[in-house]
Amino acid sequence: MMVAPPADSFIAVQGLYKSFLGQPLYEDFNLSLPTNQLISIFGPNGCGKSTLINMISGLLPYDQGQITIHGKPIRQARIGYVFQNYRDALFPWLTAYDNIAYPLRVRGVSAAECHHRIRTLVETFNIRLDLERYPYSFSGGQQQLVSILRALVGDPEVLFLDEPFSALDFETTLFVRDKLQEIFITTGIPMLMVVHNLEEAVYLADQVLLLSKRPTRLVERVPFDLPRPRTPDTLSSPEFIQVSHHCLEIFRQEMGK
Amino acid sequence: MTTTPRLAIRRSRSRSGAATGDRWLPLIGLLVLFGLWWLIAISGWVNPVLLPTPLTTLGALVKGILSGTMVTDFGTTVLRTFAAFALAALVGVPLGVALGSSEKLYRSVEFLIDFFRSTPASALIPMFVLFFGVNNLSKVVIAAFSALLLIVFNSAYGVIHAKQSRILAAQAMGANRWQIFKDVLLFESLPQTFIGLRSGISIALVIVIVAEMFIGTEQGLGKRIIDAQQILNVQDMYASILLTGLLGYSLNMLFLTVEKRLIHWSGK
Ligand SMILES: Nc1ncnc2c1ncn2[C@@H]1O[C@H](COP(=O)(O)OP(=O)(O)O)[C@@H](O)[C@H]1O
Ligand SMILES: [Mg+2]
């Protein structure tokens, strides 16, 4: 594993230790991620995927080690975070508009500037939602879309997503996934995304990080560099099939250990 | 909170069209009660002096209201109840929210709150009379005290059980501790706080009525009920009881309505 992060590294995790109730989860974990990429994290249930992105995004303290983004502590970075359970992450007492504006208001951005930024966002991504409604009046996919807009509005240096599709039905997943791809192509904001479904993990990613069972290691980084936009045809391309196959093979081997 | 399913059922029924008469279902219980009451009253099983018919009682209610003294008693009781409630809410909500925000603080007073919450407030009346005398103030203070415990407990509980994920979300968006408190914790606790306020005003009314009965006073529905009983003016006693029930029911309805308007996201 790497000792010093390479120069173009953007998120660097060095010598990370984390345990729960005396049980080690991460022991001397190292990771260095290149910028401008969409990176998927895949691994068995309970291996610590959420814990990892929560530590990287600064939401969860760790026992030992160092995590930096562009060489500075993550606390000083602007981040966006999209949670798995949109229902429990949006604020139901605020309208969709006020939810999206919240990260700006927290920073003291003026109402006019908020309005301008949200308008730009909505127009850029062609969002057709009545933002004066409350989140609970929207469908699941629309709520997750509001969560994504809320995470984007503050112009984040990196976007974290923890299983953003797992609470959505199949049809909605396709819709939100395509919007996410559109957002990535347009903004180029680097994304670190935990995905619970291997095909989803490969489909959008520049590389897939495969994690082992506890104590968690990085088993392999699998690149997937088919050009974007990726479409339903991607799913039947030889490259996609080959990479998915390879990931599945490694996953099987790991589970068999 | 508890009414949401019932309202949902009612709505879906009235939409079905075939059962528009279902709206009147709640009246059936009432009619049955009045029917039974009437039967028992005229059957001769019970001394008519002890149980007038429903019509006589309603007549006494109307007469009492028209003559004015019942209105004065009603107004006094309402005033005391609201005064006690306001006192309890003004102190209780901020106190509860503050206690709930610090787990250590809450743990250290949890036993006290639970203990006094489990002590019937009526048992404390003599003690309060010792400290505050038999004036108007003591009745309000006792009622406020019992309401206060319920309000503090519920507000604290609401904050303690705030959704962790929303706190994390606010944190990820860069909110500081104070912003998390006022933008998230406070709102997260509101549905539970309202349960506390609603139970608080109910208990305040109960205690005001009891206090009016047992602590000397000139006016109030509790005083009126006990006086009517003493001189065997049973018609007026039943009429006053009915009025007290109506008051309690209306207070509950008022709070439910405000709650539904204000906490529009509750149960969603
Ligand atoms: N707060 C906690 N206390 C104790 N154990 C925890 C806590 N959070 C997570 N864990 C444990 O750490 C492991 C990794 O959890 P998590 O990161 O949520 O897994 P994943 O997201 O990969 O499914 C699990 O075994 C889980 O039980
Ligand atoms: Mg997880």
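When reading the values below, keep in mind they use all heavy atoms of this one structure, side chains included, and skip hydrogens, waters and symmetry mates.
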Can you say whether B:Glu188 sits under 4.5 Å from chain A via the side chain, the backbone, both, or neither, judging by heavy atoms? both

Crowded around B:Phe116 CZ? As in, over 12 foreign heavy atoms under 6.0 Å? no

Which heavy-atom pair separates B:Gln171 from A:Gly58 by the least distance, and what is that distance? NE2-O, 4.3 Å

So, taking the atom named CZ in A:Phe91 and the one named NZ in B:Lys163, what distance separates them when rounded to the nearest 0.5 Å? 12.5 Å

Quick check on B:Glu110: does its CD atom have over 12 non-hydrogen neighbours (other residues, nucleotides or ligands) under 6.0 Å away? yes

Donor-acceptor pair, B:Arg166 side chain versus A:Leu90 backbone, under 3.5 Å? yes

Proximity breakdown for B:Asp183 and chain A, heavy-atom pairs closer than 4.5 Å: both

Any donor-acceptor pair under 3.5 Å linking the side chain of B:Ser165 with the backbone of A:Asp88? yes

Please indicate whether A:Arg177 has more than 12 foreign heavy atoms, meaning atoms of other residues, nucleotides or ligands, lying under 6.0 Å from its CZ. yes

Minimum-distance pair of heavy atoms, taken over all atoms of A:Val106 and B:Gly174: CG1-O, 3.3 Å

Heavy-atom side-chain proximity of B:His264 to A:Ser137 below 4.5 angstrom: no

Rounded distance [0.5 Å steps], CG in B:Leu168 versus CG in A:Asn54: 6.5 Å

Grab the two heavy atoms, one from B:Ala169 and one from A:Ala89, that are nearest each other, plus how far apart they are. CB-O, 3.7 Å

For atom OH of B:Tyr157, decide whether the heavy atoms of other residues, nucleotides or ligands shown that lie under 6.0 angstrom number more than 12. no

Got a sec: does the CG of A:Asn45 have more than 12 other heavy atoms crowding it under 6.0 Å? no

Highest number of heavy-atom pairs under 4.5 Å with chain B among A:Trp93, A:Tyr136, A:Phe83, A:Phe160 belongs to A:Trp93

Best-contacting candidate, A:Arg150, A:Arg75, A:Arg78, A:Arg105, against chain B by heavy atom pairs under 4.5 angstrom: A:Arg150

